[in-house]
Participant: 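Before I ask anything, here is the structure I am working with.
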Amino acid sequence: MKLLLAEDDVKLGELTTYMLKKKTGCSVDWVQTGNDAFDYAAASSYDVVILDWMMPEGDGRDTCARLRQAGYRGAILMLTAKDGLRDRVEGLDAGADDYLVKPFEMDELLARLRALMRRSFAPLQDDIVRMGELELQRTNQMVRQGGQEIQLSPREFQILDLLLQNKGRTLTREVILDKVWGLDADVNLKSIDAIIKLIRKKLESSGARELIQSVRGVGYKIEA
């Protein structure tokens with residue numbers, strides 16, 4: 001299971017992330033702004049997104065609405081100090097599946113997450129992804145181009161898979177780093193450029209031309 005926590009209070013964010021990992025065993029990503037929450041949720045398959053209502057760069061309600069409009073189908077849990085009926089209705093109308101008022105007990109948060117996970121919102125990823133003559137098989141981590149197998153390292157495969165999952169969307173180097181290695185990993189962002197270069201070389205040797213595009217000063221994308 002994968003969780004995304006969007007909470008701008010550093011102390012609460014650190015504590016909640018720690019407790020979620022300890023109590024659930026889930027993979028947990030933590031961001032502090034609405035824009036980052038949207039980018040992360042759009043770039044990966046989270047089972048539950050936990051959104052604080054009051055955040056910079058897009059509050060929880062607006063971020064929730066943007067995610068639903070963009071097609072995010074996982075569960076969304078809203079955290080807020082706003083406990084009025086109108087506030088709860090606004091949050092649910094924006095697309096939230098549940099609502100938890102601050103301050104909250106960790107046991108209640110965990111119980112609500114378990115209930116949301118049982119409802120299985122997020123669709124399973126397809127085992128095979130195709131784009132033109134390129135075929136990526138997740139089960140055996142195999143890539144073919146025009147019927148010819150391409151040998152990729154595990155990291156190369158993960159990066160290509162991530163880019164294919166987000167066709168048409170530019171992924172920053174920081175997002176790629178977080179999704180493939182984790183933000184705490186001792187990996188230089190220039191290493192991502194080097195690996196992208198190797199992937200391109202392998203794809204081009206099999207006839208796939210200019211599949212991965214560079215977005216100057218930002219990151220990379222694959223056009224849909």
Participant: Quick one: CD1 on I222 to CG on L171, what's the gap to the nearest 0.5 Å?
Facilitator: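 Between I222 CD1 and L171 CG, I get 9.0 Å after rounding to 0.5 Å.
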Participant: Suppose we screen for side chain to side chain contact (heavy atoms under 4.5 Å, CB included). Which residues come up paired with E133, at least two apart in sequence or across chains?
Facilitator: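 Counting only residues at least two positions away or on another chain, E133 forms a side chain to side chain contact (heavy atoms under 4.5 Å, CB included) with Q145.
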Participant: Specify the closest pair of heavy atoms between W53 and M78, including all atoms of both residues, with the distance to one decimal.
Facilitator: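 Of all heavy-atom pairs spanning W53 and M78, the closest is CE3-CG, 4.0 Å.
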Participant: Of all the heavy-atom pairs spanning D97 and A75, show the shortest one and how long it is.
Facilitator: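 So the minimum-distance heavy-atom pair works out to OD2-CA, 3.3 Å.
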Participant: Would you list the pairs meeting side-chain hydrogen bond (donor to acceptor under 3.5 Å, both in side chains) in which at least one residue belongs to residues 196-205, sequence neighbours left out?
Facilitator: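 The answer is E156-K202, R200-S214.
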Participant: When clusters are formed from ILVMFWY side-chain contacts under 4.5 Å, directly or step by step, what else is grouped with V215?
Facilitator: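 Members alongside V215: V218.
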Participant: Would you name the heavy atoms of N166 and A42 that are closest together and state the gap between them?
Facilitator: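 Closest pair (atom of N166, atom of A42, distance): OD1-O, 2.8 Å.
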Participant: How close do S191 and V187 get, counting heavy atoms only, and between which atoms?
Facilitator: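 For S191 and V187, the tightest heavy-atom pair comes out as CB-CG1, 4.0 Å.
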Participant: Measure the CG-CG distance between D9 and L79 for me, rounded to the nearest 0.5 Å.
Facilitator: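 So the gap between those two atoms works out to 11.5 Å.
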Participant: Applying the side-chain contact (heavy atoms from CB on, under 4.5 Å) criterion to L116, which one of V48, I76, D47, I50 satisfies it?
Facilitator: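 Exactly one pass, corresponding to V48.
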Participant: Applying side chain to side chain contact (heavy atoms under 4.5 Å, CB included), name anything that partners D62, two or more places apart in sequence or on another chain.
Facilitator: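 Checked D62 against side chain to side chain contact (heavy atoms under 4.5 Å, CB included); matches are D59.
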Participant: Indicate every side-chain donor-acceptor pair of residues 103-110 with a distance under 3.5 Å to a residue at least two apart or in another chain.
Facilitator:
| from | atom 1 | to | atom 2 | distance (Å) |
| --- | --- | --- | --- | --- |
| E108 | OE2 | R112 | NE | 3.1 |
| E108 | OE2 | R112 | NH2 | 2.9 |

Participant: Does L189 share a hydrophobic cluster with L162, counting links as ILVMFWY side-chain heavy atoms below 4.5 Å and allowing steps through other members?
Facilitator: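 As far as the 4.5 Å side-chain criterion goes, L162 and L189 are connected within one cluster.
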Participant: Output all residues satisfying side chain to side chain contact (heavy atoms under 4.5 Å, CB included) with M54, sequence neighbours left out; order by chain, then residue number.
Facilitator: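 M54: side chain to side chain contact (heavy atoms under 4.5 Å, CB included) contacts with D52, K82.
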Participant: Can you name the side-chain hydrogen bond (donor to acceptor under 3.5 Å, both in side chains) partners of R144, sequence neighbours left out?
Facilitator: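 R144 satisfies side-chain hydrogen bond (donor to acceptor under 3.5 Å, both in side chains) with no residue once adjacent residues are dropped.
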Participant: Checking R155 now: which residues fulfil salt bridge (Lys or Arg N to Asp or Glu O under 4.0 Å) with it, not counting sequence neighbours?
Facilitator: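 Applying salt bridge (Lys or Arg N to Asp or Glu O under 4.0 Å) to R155 gives none.
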Participant: Does any N or O in the side chain of R68 come within less than 3.5 Å of the main-chain N or O of Y72, such that one atom is a donor and the other an acceptor?
Facilitator: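 Answer holds: yes.
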Participant: Give me the atom names and distance for the closest heavy-atom approach of A94 to C64.
Facilitator: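 Minimum heavy-atom separation between A94 and C64: O-SG, 3.5 Å.
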Participant: Of all residues at least two apart in sequence or in a different chain, which pass the side-chain hydrogen bond (donor to acceptor under 3.5 Å, both in side chains) check with D193?
Facilitator: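 side-chain hydrogen bond (donor to acceptor under 3.5 Å, both in side chains) check on D193 returns R173, Y220.
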Participant: Excluding sequence neighbours, so at least two apart, what forms side-chain hydrogen bond (donor to acceptor under 3.5 Å, both in side chains) with T33?
Facilitator: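 Partners of T33 by the side-chain hydrogen bond (donor to acceptor under 3.5 Å, both in side chains) criterion, ordered by chain and then number, come out as D36.
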